[in-house]
Amino acid sequence: MAEFVSLADAIAASVFDGDAVAMEGFTHLIPFAAGHEVIRQERRDLTLIRMTPDVIYDQLIGAGCASRLIFSWGGNPGVGSLHRFRDAVENGWPSPLLLEEHRHAGMANRYVAGASGVPFAVLRGYRGTGLENLPGLDGQPTVKPITCPFTGETLTAVAALRPDVTIIHAQQADRAGNVQLWGIVGVQKEAVLAASRAVVTVEEIVDRLTPQPGAVVLPAWTVDYIACVPGGSHPSYALGYSQRDNDFYVAWDAISRDRERFGQWLKSDVQGPARPAADAGAVLTGAGNAVGASSRSAGDAWGGTA
Amino acid sequence: MTGTPRQVSSLVPDDTQDTAYTSDEMMTVCASRALRDGMTCFVGIGLPSTAANLARATHAPNLVLIYESGTIGAKPAWLPLSIGDGVLAETADAVVSVPEIFNYWLQPGRIDVGFLGAAQLDRFGNINTTVIGPSYDQPKVRLPGAGGAPEIAASCREVIIVIRQSTRSLVERVDFITSVGYGDGAGYRERLGLTGAGPRKVITDLGVMEPDPVSRELTLTGIFPGVAVADVAARTGWDLAVSAHLQVLTPPSDAELAAVRALQARIPEGAGS
């Protein structure tokens, strides 16, 4: 059952060295503040899982948190390369990064299998491509041909993903801990249900969830920890609350290109005084604290009972 | 759009006087013309997104734009930077999950046309966006990877590829097959059971290549005004076949240029304040 805690407590209680961690959000609702908290708590040797590593995993990789990555597209969307990811793969800096590489359809179906409690999912695809033969992290294949028992057709099986912990950002939780997200909902539902533990950061906590078109609702008993972190997806966004900070994504190219400049950014913006208000989730959890960062929720936000 | 548009006014014949256009604009217009009204179109970011939105703003108002973030029927008023910008979700007919966009929409062959880019492309239209260099484990350049491209290449009814022409990008053999074109030639897609027809057009900054109907080898069928066949051959990494019916493509009209420039000038609502 979902427990309301500070962001720092949520990460401390759920992410451990060596874990397989999925932070999902397809361009939208990426849990950046939680990623920064993982960096601050200096987790190491993580297996990071995510369809699009995006800037969030570029930061975690550059900060030295990861030794393995399971993914399907590692770029800065609309901008170009992920330089910290490339530096790790091409030069082993700050440490080598072992890859388990898939494609979006494969990753999505691997989460579906994990959420469904079956060992694999079936799809068309992979045939004729180099991705068909790449080994998984343990050297064993995670893609294999499979024969349809009804038609005899050859299809492709992909191994289930079962993260130790999945972390997502959502728009709202109610006071009972039910979580609602809407807009581009990505693969978050599957990633949460596939994982052993789930952490959700939310824009606001409301008395009652108002149904939204196309929303995903995660019942409270599917989530372990909820932290109220308004703006917690910046520079990604939360539909209805914020806009994607495209300027930051463009600026990241220069920040991340150079090891030293990245290091300075890490010190000032994640560990140091310039860190965004959203990262300081802990201060928002005291009973009665107003959530100033979220103009639309200032009156009725509630930080929980940590 | 990647990079700064390069002026190619030197390639434009003198008699077109003040209608100079960039190679990006010519590529965008050319890609836009390949889309017919009412089609369903799987759109990637950058030039494909500009081309699809240009088509929707000009000759194909009923074009259905689908982005892999799950936004079906998006009608953005400005060009998004990412496939998941809010404007896509807010204007879409439907927003579906990522497993659904791939399993229910792309895989069964419901989408008419998919747009793809490539870091490397070979003579049979196979695409590499994974690694440059002979070794996967020790790549010279680590590229972003597959994303949704392999499924688009396999399952859209047809595919349009957009790529800048050079001997580094158009190669005899790709270093890694991320997305299948025609494999090693005729019959390859059929043997693999791929349901889509494969690449119908490759649009470069010099012209257009189309697969030979028999061999499936990419063949130069169109060149932009002012471009010589020898220029194209010199910037192709294989012995380029040229169609007997080679056409000089119509340059962008004033209306097309005005529309594409207006699209690119449009600022997102709420930005820049």
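Within every chain, numbering begins at 1; the chains are lettered A, B, ... in the order of the sequence lines, protein sequences first and strands thereafter.
- When the candidates A:Ser242, A:Gly130, A:Ser236 are compared by the number of heavy-atom contacts under 4.5 Å with chain B, A:Gly130 comes out ahead.
- Contacts between B:Asn128 and chain A at a heavy-atom distance below 4.5 Å are absent for every atom of the residue.
- Residue with the most contacts toward chain A among B:Leu192, B:Ile83, B:Val180, B:Val95: B:Leu192 (heavy-atom pairs, distance under 4.5 Å).
- For A:Thr129 and A:Arg103, the side-chain atoms include at least one donor-acceptor pair closer than 3.5 Å.
- The closest donor-acceptor contact from the side chain of A:Asp54 to the backbone of A:Thr27 lies at 3.5 Å or more, if one exists at all.
- Per-residue heavy-atom pair counts under 4.5 Å with chain B were compared for A:Gly214, A:Gly128, A:Gly75, and the maximum is reached by A:Gly128.
- Of all the listed residues (A:Gly186, A:Gly106, A:Pro77), the one sharing the greatest number of non-hydrogen pairs under 4.5 Å with chain B is A:Gly186.
- The contact between A:Met51 and chain B is made entirely by side chain atoms (from C-beta outward), counting heavy-atom distances below 4.5 Å.
- Ranked by heavy-atom pairs under 4.5 Å with chain B, the first of A:Val250, A:Val112, A:Leu123 is A:Leu123.
- For the set B:Gly183, B:Ser179, B:Gly148, the entry with the most heavy-atom pairs within less than 4.5 Å of chain A is B:Gly148.
- Using a 4.5 Å cut-off between heavy atoms, A:Asn246 touches chain B through backbone and side chain atoms alike.
- Of the atoms belonging to B:Glu151, heavy atoms from both backbone and side chain fall under 4.5 Å from chain A.
- Proximity to chain B (any heavy atom under 4.5 Å) is restricted, for A:Phe85, to the side chain, taken from C-beta onward.
- For the pair A:Arg68 (side chain) and A:Leu98 (backbone), a donor-acceptor distance under 3.5 Å is absent.
- Chain B forms more heavy-atom pairs under 4.5 Å with one residue of A:Ala121, A:Ala105, A:Pro213 than with any other, namely A:Ala105.
- Ion pair B:Arg123/B:Asp212 not flagged as a salt bridge, since none of the NZ, NE, NH1 or NH2 atoms sits closer than 4.0 Å to an Asp/Glu carboxylate oxygen.
- How far OG1 of A:Thr142 is from CD of A:Gln140: 10.5 Å, rounded to the nearest 0.5 Å.
- Salt-bridge formation is detected for the pair B:Arg191/B:Asp184: a Lys NZ or Arg NE/NH1/NH2 atom is positioned less than 4.0 Å from an Asp or Glu carboxylate oxygen.
- Residues B:Arg173 and B:Asp122 are not paired through a salt bridge, judged by the lack of any N-O separation under 4.0 Å between the basic side chain and the carboxylate.
- For A:Leu134, the part lying under 4.5 angstrom from a heavy atom of chain B is the side chain only.
- Interface remark: A:Ile184 contributes backbone and side-chain atoms alike to the contact with chain B (heavy atom separation under 4.5 Å).
- Listed options B:Pro139, B:Gly84, B:Gly133, B:Pro144 were ranked by heavy-atom pairs under 4.5 angstrom with chain A; first place goes to B:Pro144.
- If you check the side chains of A:Asp58 and A:Trp252, you find a donor sitting under 3.5 Å from an acceptor.
- For A:Phe26 and A:His104, the distance between ring centers is under 6.0 angstrom.
- B:Tyr67 has its side chain out of reach of B:Asp85: every pair of non-hydrogen atoms, C-beta onward, lies at least 4.5 Å apart.
- In terms of heavy-atom pairs under 4.5 Å with chain A, the best-connected choice from B:Thr178, B:Val141, B:Leu143 is B:Val141.
- There is no contact between A:Val216 and chain B, counting heavy-atom distances below 4.5 Å.
- Ring-centre distance between B:Phe176 and B:Tyr136: below the 6.0 Å cut-off.
- Between A:Tyr237 and A:His28, the angle of the ring planes lies from 30° to 60°, which puts this pair in the tilted group.
- Chosen from A:Leu82, A:Asp245, A:Leu239, the residue pairing most often with chain B at heavy-atom distances under 4.5 Å is A:Leu239.
- Using a 4.5 Å cut-off between heavy atoms, B:Glu90 touches chain A through its side chain atoms alone.
- Of the listed residues B:Pro80, B:Gly145, B:Gly44, the one with more heavy-atom pairs under 4.5 angstrom with chain A than any other is B:Gly145.
- Chain A forms the most heavy-atom pairs under 4.5 Å with one residue out of B:Ala94, B:Pro150, B:Ala149, and that residue is B:Pro150.
- Two residues are said to be in side-chain contact when any heavy atoms from C-beta on lie closer than 4.5 Å; A:Arg124 and B:Ser155 fail this criterion.
- If you measure heavy-atom distances from B:Thr71 to chain A, the contacts under 4.5 Å come from the side chain alone.
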